[in-house]
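For ligands, and for the atoms within them, numbers begin at 1 and follow the listed sequence.
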Amino acid sequence: MPKLKGTVLLPGDKSISHRAALFSAIREGTSYFENFNFNRDCLATLACLRAVGVEIETKEDTSVRINGKDPGRWQKPDHPLNAENSGTTARLLSALLANLPFPTTLIGDASLSRRPMKRIIEPLTQMGADIRSNNGYLPLEFFPVSGLKGIDYELPVASAQVKSAVLMAGLFAEGATRVIETIPSRDHTERLLNLPVEIDARGRKIIRSRRGLPIPDISMKIPGDFSSAAFFITGALLLPGSELMIKNVSLNPTRTGFLEVLKQMGAQLEINLTQQEPEPAGEIVIRPQKLHNIEIPEELIPNIIDEIPILSILAARSEGTLVLRHASELRFKESDRIKAIVQNLRQIGVEVEEFEDGFQVCGPQSFKGGKITTFGDHRIAMSFAIADLLSDEPIEPDDPDCAAVSFPDFYHILKSVVQA
Ligand code: S3P
């Protein structure tokens with residue numbers, strides 16, 4: 001079996017890159033980001049912003065300069081805005097399109113057009129937006145309104161995209177907006193916009209936004225993407241003889257639930273926090289270890305939501321039974337990820353039980369080669385590329401290139417640390 005050896009530096013975090021672009025676009029002045037992630041999703045965000053007249057200059061595919069301006073001075077695009085495969089682009093950008101002085105249309109690819117948009121249409125409509133949709137799905141049409149008003153909104157789903165959309169619309173609304181979050185989700189929006197946050201008597205997080213709050217200059221070097229790191233962490237934990245260091249990776253605690261799961265499974269990783277502001281980041285050293293499967297605590301699900309495909313590979317190779325429930329949100333990601341995980345694990349010879357809201361797998365099991373279906377989902381492609389390293393026979397995805405949605409250099413960087 002090959003091993004993973006060496007040091008990896010990962011492209012900037014996808015969630016932070018989207019927000020870097022969107023928050024700088026609405027701020028008067030110039031912002032500058034190093035290690036911006038020029039993956040397909042973030043390129044879709046940049047293209048939409050350019051189409052409304054935001055000036056964006058990119059350099060060597062790693063840095064970006066954004067000249068933002070108040071959305072009141074954005075220009076009417078001459079074509080529909082295309083979020084392509086990106087849920088974050090569609091849901092966060094909608095908050096800004098809801099308050100423009102001209103109509104716009106938002107479209108996406110076939111996968112995004114199957115993902116629910118009601119979750120943002122409802123609160124934005126409560127705020128006064130005029131949005132027409134295809135029964136809660138894309139395309140969305142936004143019409144000018146006389147102004148938005150602030151709302152109190154208790155999140156019905158644990159979703160950082162919905163939370164961010166309401167808070168962003170709140171920046172342009174009359175009166176205060178309060179978002180009430182019972183189950184924590186990634187906090188990049190409130191952190192980067194420096195929004196007032198408090199915990200109420202019932203332990204719920206209350207985040208406020210309102211018109212006139214200054215949009216901070218968040219120019220920075222974007223930490224590496226933790227969700228991308230999870231593929232390398234898993235590979236190095238499972239492949240005997242590995243020793244891998246991941247440098248400058250995001251260690252934002254609302255993103256690193258996967259590290260908590262690993263700890264509960266018995267892993268000991270060396271983790272050094274080297275930066276706290278504006279986003280926590282540091283390095284992780286990984287060596288192979290024997291792991292024991294666990295029942296995943298429900299409250300951790302939003303914090304590991306993007307890491308569940310690679311967790312399924314880890315679980316199949318660890319001892320005991322992994323039980324993952326309360327994760328029906330997985331059915332509404334870039335693919336129905338529960339179906340994609342279960343079908344593909346079975347395809348490579350793994351016994352796995354499917355539930356409506358998760359799955360259960362008992363390990364360790366060996367992988368046989370075979371053809372897998374990515375369903376165009378980047379995280380499925382990358383998870384099974386790690387499974388391929390653990391299999392004697394090749395595991396062949398139908399569409400390996402879809403990895404570029406979040407991580408265009410994935411295969412190249414993986415190859416650079418694989419040793420025979
Ligand atoms: C994201 C939030 C999560 C996550 C997605 C990125 C974000 O989606 O799965 O990859 O940047 O806010 P939900 O908000 O739908 O859970």
Side-chain angles (χ1 to χ4, degrees), residues 11-23 36-37 39-42 44-45 83-95 108 111-112 114-123 136-138 153 155-168 179 181-193 195 207 222-223 225-231 250 252 254-258 279 298-311 326-338 340-341 357 376-380 382-383 402-403 405-407:
D13 184 81
K14 176 156 87 76
S15 292
I16 300 176
S17 295
H18 281 298
R19 286 161 174 80
L22 290 160
F23 301 165
F36 186 89
N37 194 330
N39 58 27
R40 272 193 223 152
D41 272 11
C42 295
T45 291
E84 299 188 18
N85 193 247
S86 173
T88 308
T89 309
R91 299 199 177 110
L92 271 59
L93 188 64
S94 288
S111 150
L112 190 61
R114 285 190 297 268
R115 296 178 66 186
M117 295 296 151
K118 232 186 208 142
R119 53 182 64 195
I120 52 134
I121 296 172
E122 273 177 6
Y137 294 89
L138 295 182
Y153 194 67
L155 292 168
V157 271
S159 162
Q161 292 176 354
V162 177
K163 167 172 73 176
S164 301
V166 177
L167 291 168
M168 286 167 71
V179 171
E181 184 179 64
T182 11
I183 305 178
S185 64
R186 63 193 69 192
D187 69 355
H188 307 299
T189 294
E190 50 270 44
R191 190 184 273 275
L192 295 174
L193 288 174
L195 298 177
I207 313 144
I222 299 178
D225 193 307
F226 181 79
S227 300
S228 299
F231 302 109
S250 164
N252 178 316
T254 62
R255 291 293 297 283
T256 53
F258 185 65
E279 279 277 345
E298 179 180 355
E299 63 278 7
L300 270 184
I301 296 292
N303 196 317
I304 61 166
I305 196 77
D306 292 340
E307 288 67 71
I308 292 172
I310 189 63
L311 177 61
H326 312 289
S328 36
E329 268 295 304
L330 285 176
R331 297 210 182 264
F332 307 106
K333 293 292 175 187
E334 287 83 330
S335 68
D336 172 344
R337 283 193 177 148
I338 297 179
I341 288 168
D357 64 349
D377 186 331
H378 53 129
R379 299 202 195 282
I380 298 296
M382 292 187 277
S383 298
C402 67
V405 160
S406 63
F407 196 173

Does Ile380 reach the side chain of Ser335, with side-chain heavy atoms less than 4.5 Å apart?
-> yes
Asp41 side chain near Thr88 side chain, heavy-atom distance below 4.5 Å = no
Close side-chain approach of Ser406 and Arg379, heavy atoms under 4.5 Å = yes
In terms of atom number and element, which parts of ligand 1 are under 4.0 angstrom from non-hydrogen atoms of Asp306?
-> 4 (C), 5 (C), 9 (O), 10 (O)
Should you measure from each heavy atom of Ala160, which atoms of ligand 1 turn up under 4.0 Å away?
-> 12 (O), 14 (O)
Please confirm whether Glu329 comes within less than 3.5 Å of ligand 1 when only nitrogen or oxygen atoms on both sides are compared.
-> no
Supply the atom-to-atom distance Gln161 CD to Arg119 CZ, rounded to the nearest 0.5 angstrom.
-> 8.0 Å
Just need the protein heavy atom nearest to atom 1 (C) of ligand 1, so name the residue and atom and give the distance.
-> Gln161 NE2, 3.6 Å
Taking side chain as C-beta onward, heavy atoms only, is Ser227 less than 4.5 Å from Lys14?
-> no
Counting heavy atoms only, name the option from Lys333, His378, Arg379 that's nearest to atom 13 (P) of ligand 1.
-> Lys333
Which residue, Ile308, Asp377, Ile305, forms the side-chain contact (heavy atoms from CB on, under 4.5 Å) with Arg337?
-> Asp377
How far does CG of Asp336 sit from OG of Ser328, to the nearest 0.5 angstrom?
-> 10.5 Å
Atom indices of ligand 1 within 4.0 angstrom of Thr88 heavy atoms, with elements | 1 (C), 6 (C), 7 (C), 11 (O)
Per-atom filter on ligand 1: closer than 4.0 angstrom to a heavy atom of Ile305 are 9 (O)
Would you say His18 touches ligand 1, if touching means a heavy atom closer than 4.0 Å?
-> no
Any idea which of Arg115, Arg19, Lys163, Arg119 brings a heavy atom closest to atom 12 (O) of ligand 1?
-> Arg19
